[in-house]
Amino acid sequence: MRLTLSSSALNSRLATLSKVINSKNSLAILDCFLFEVNNQQLIITASDSENMMRTSIALDSADSEGKFAINNQTILDAVKELPEQPLTLDVDLQAMTVKVIYQNGIYNFTTQNAEEYPTSLSIDNDVTSLTMKSSVLADNITRTIFATANEELRPVMNGIYFDLTPEALAIVASDGHKLVRNRNNAIRTLEHKSFILPKKPATLLKNTLDKDDSEVVIRFDERNAEIKFGNTTLQCRLIEGRYPNYNSVIPQDNPNELTIDRKTLMGALRRVLPFASESSQLVRLHLENGKIEVSSEDIDFATSAKEEIACDYSGDSMNIGFKGSSLNEILNNLSSAEVTLQLADPSRPCLIVPVEQPEDEEILMLIMPMLLND
């Protein structure tokens with residue numbers, strides 16, 4: 001079997017798919033990419049047994065059809081240094097060898113038995129489907145994934161929760177200390193459906209999705225999901241279990257509101273945080289009419305820092321403490337020029353919302369306060 005294709009097209013697809021493959025696999029065949037030639041197209045698959053990603057490339061020519069597997073590191077090393085040019089793969093399916101012929105040279109290596117490669121995950125008949133723009137899904141995952149947890153006891157907290165209701169689609173993540181909720185009012189369903197996307201496929205989507213208006217189709221049942229975008233399909237096993245009622249932790253009555261330039265507050269946090277206690281990373285905010293004072297101290301090392309910023313605040317004067325790195329992380333994952341901090345009192349969660357919301361979307365982030373020893 002002989003096929004010809006673009007070297008840069010092959011290299012870019014392999015680089016994306018390689019992120020699926022684990023460094024250590026339970027099956028040796030999972031160290032390989034699966035190559036299938038069918039109908040003048042090359043379909044390449046990578047899998048770690050729980051996640052499977054496949055993409056297709058149009059071939060310049062192919063004299064027959066068939067499939068074979070090649071070790072991922074071998075083929076990646078072979079093509080990543082090649083400039084753009086036509087590549088010819090000469091595959092002997094009987095001898096299980098392949099020649100990669102390029103402009104000034106040739107690579108020779110062996111192939112693996114493609115029949116050993118695991119089949120794709122099956123999705124039941126009871127499937128829910130939703131369609132959204134690629135840029136919207138990419139932005140939502142990027143904004144949310146940092147808030148996921150790393151817990152062995154509550155694995156449901158380790159993923160991103162997609163909550164589809166008759167009112168909106170909510171994309172949520174929380175680690176118990178911070179929470180992100182993106183509501184998309186343009187995407188709805190007749191009956192309530194939901195799934196929890198694990199962190200690995202979420203990261204794959206974040207790094208692969210185009211920031212454009214092309215459509216992404218998500219199909220899911222109770223166990224698996226299939227996400228199609230462009231000529232790529234990602235199948236993954238979902239996290240099973242019931243996600244906590246995230247709406248119940250969002251306080252509704254927050255009379256104290258502070259509006260501030262996001263980058264100004266981030267800058268102050270970055271300057272003050274090195275002087276906070278290394279273990280707690282506690283940063284104190286003192287709020288009063290028209291200004292906010294950001295301070296930190298480490299009693300053990302006799303260090304402290306304090307900075308004052310002008311802001312729009314007309315609520316009750318108060319002191320409230322936060323983990324500085326978490327607050328900075330939340331601000332860093334927003335894009336609005338200004339943000340509003342909504343507070344009830346120093347013991348209740350603080351809501352952080354962008355002043356400018358994307359079209360049809362409502363972004364809300366929450367951070368739990370830390371106890372101050374006043």
Side-chain angles (χ1 to χ4, degrees), residues 1 3 5 9-10 12-59 62 65-72 75-76 91 93 96 111-132 134 137 141 159-160 162 193-210 214-240:
M1 180 169 62
L3 51 134
L5 74 165
L10 178 60
S12 67
R13 302 296 169 82
L14 291 179
T16 299
L17 292 174
S18 67
K19 295 179 176 68
V20 180
I21 300 172
N22 291 333
S23 54
K24 291 182 180 178
N25 288 296
S26 53
L27 300 171
I29 194 69
L30 294 177
D31 290 331
C32 299
F33 293 116
L34 176 66
F35 291 78
E36 297 174 83
V37 180
N38 187 8
N39 197 23
Q40 293 295 304
Q41 283 202 323
L42 175 63
I43 300 158
I44 312 171
T45 304
S47 174
D48 66 0
S49 79
E50 296 214 332
N51 304 284
M52 182 176 281
M53 195 180 227
R54 63 163 57 90
T55 188
S56 60
I57 306 173
L59 293 171
E65 297 183 348
K67 57 183 181 177
F68 55 96
I70 302 177
N71 179 277
N72 79 94
I75 188 72
L76 280 168
V91 187
L93 296 174
M96 298 182 75
T111 66
Q112 307 292 320
N113 184 0
E115 299 303 324
E116 294 176 14
Y117 209 85
T119 55
S120 59
L121 301 169
S122 62
I123 293 184
D124 293 339
N125 295 327
D126 185 20
V127 170
T128 303
S129 182
L130 68 106
T131 303
M132 58 197 303
S134 179
L137 181 57
I141 290 173
I160 296 175
F162 285 68
K193 295 283 185 178
S194 62
F195 68 92
I196 306 170
L197 184 69
K199 206 173 298 189
K200 182 171 178 177
T203 305
L204 289 167
L205 289 169
K206 173 188 165 186
N207 295 332
T208 312
L209 287 169
D210 292 325
S214 60
E215 287 192 341
V216 178
V217 178
I218 303 172
R219 296 171 67 245
F220 64 95
D221 59 19
E222 288 190 353
R223 293 190 165 197
N224 303 314
E226 180 184 83
I227 300 147
K228 287 188 175 181
F229 51 99
N231 49 19
T232 301
T233 301
L234 172 64
Q235 292 181 323
C236 62
R237 196 156 285 145
L238 300 172
I239 298 173
E240 294 183 46

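- Formation of a donor-acceptor pair under 3.5 Å by the Asn39 side chain with backbone atoms of Gln41 is not found in this model.
- Other residues, nucleotides and ligands place more than 12 heavy atoms under 6.0 Å from the CD atom of Glu65.
- Phe195 and Phe220 have tilted rings, their planes meeting at an angle from 30° to 60° on a 0 to 90° scale.
- Atom CG of Leu14 and atom CD1 of Ile57 lie 6.5 Å apart (nearest 0.5 Å).
- Distance check, rounded to the nearest 0.5 Å: NZ of Lys206 to CD1 of Ile141 gives 9.5 Å.
- With a 4.5 Å cut-off on side-chain heavy atoms, Arg223 and Glu240 count as touching.
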Side chain to side chain contact (heavy atoms under 4.5 Å, CB included) between Tyr117 and Lys67, intermediate numbers included: CA-CA 10 Å; Tyr117 209 85; Lys67 57 183 181 177; over 6 Å; no
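- Other residues, nucleotides and ligands contribute over 12 non-hydrogen atoms within 6.0 Å of the CD atom of Gln40.
- How far CG of Leu197 is from CD1 of Ile218: 8.0 Å, rounded to the nearest 0.5 Å.
- With hydrogens and angles ignored, the 3.5 Å screen pairs no side-chain donor or acceptor of Asn224 with any backbone N or O of Ile123.
- Although no hydrogens or angles enter the test, the distance criterion places a donor-acceptor pair under 3.5 Å between the side chain of Ser12 and the main chain of Ala9.
- Between the side chain of Asn231 and the main chain of Thr55, no donor-acceptor pair closer than 3.5 Å is present.
- Ile29 contributes atom CD1, which lies 10.5 Å from atom OG of Ser47 (distance to the nearest 0.5 angstrom).
- Separation of atoms SG (Cys32) and CD1 (Ile70) is listed at 8.5 Å; rounding is to 0.5 Å.
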Residue pair Phe35, Thr111: steps toward the side chain to side chain contact (heavy atoms under 4.5 Å, CB included) verdict: CA-CA 10 Å; Phe35 291 78; Thr111 66; over 6 Å; no
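- Other residues, nucleotides and ligands contribute over 12 non-hydrogen atoms within 6.0 Å of the NZ atom of Lys199.
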Give the intermediate values and the outcome of side chain to side chain donor-acceptor pair (under 3.5 Å) for residues Asn51 and Lys19. CA-CA 11 Å; Asn51 304 284; Lys19 295 179 176 68; over 6 Å; no
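- Taken from CG in Leu30 to NZ in Lys24, the straight-line distance is 15.5 Å, to the nearest 0.5 Å.
- Taking all atoms of both residues into account, the shortest heavy-atom contact from Pro118 to Met52 is O-CE, 3.4 Å.
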Do Val127 and Glu226 pass the side chain to side chain contact (heavy atoms under 4.5 Å, CB included) test, and can you show the C-alpha distance, the side-chain angles, and the key distance before you say yes or no? CA-CA 10 Å; Val127 170; Glu226 180 184 83; over 6 Å; no
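- With Phe33 as the partner, the side-chain contact (heavy atoms from CB on, under 4.5 Å) test is satisfied by one option alone out of Thr45, Val20, Leu76: Leu76.
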Give the intermediate values and the outcome of side chain to side chain contact (heavy atoms under 4.5 Å, CB included) for residues Ile196 and Leu238. CA-CA 6 Å; Ile196 306 170; Leu238 300 172; 5.8 Å; no
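- Closest approach of Ala202 and Ile160 over heavy atoms only: CB-CD1, 3.9 Å.
- The nearest pair of heavy atoms linking Ser134 to Asp210 is OG-O, 2.5 Å.
- In this structure, the side chains of Lys228 and Glu215 stay at 4.5 Å or more apart for every pair of heavy atoms.
- Between Met96 and Gln112 the shortest heavy-atom distance is CE-C, 3.3 Å.
- The closest side-chain heavy-atom distance from Val37 to Val91 is not below 4.5 Å.
- Across all their heavy atoms, Asp31 and Ile21 have their closest contact at CA-CG2, 4.4 Å.
- Taking 4.5 Å as the limit, some side-chain heavy atom of Ile44 sits within range of a side-chain heavy atom of Leu10.
- Pairing each heavy atom of Ser120 with each of Gln235, the nearest pair is CB-OE1, 3.0 Å.
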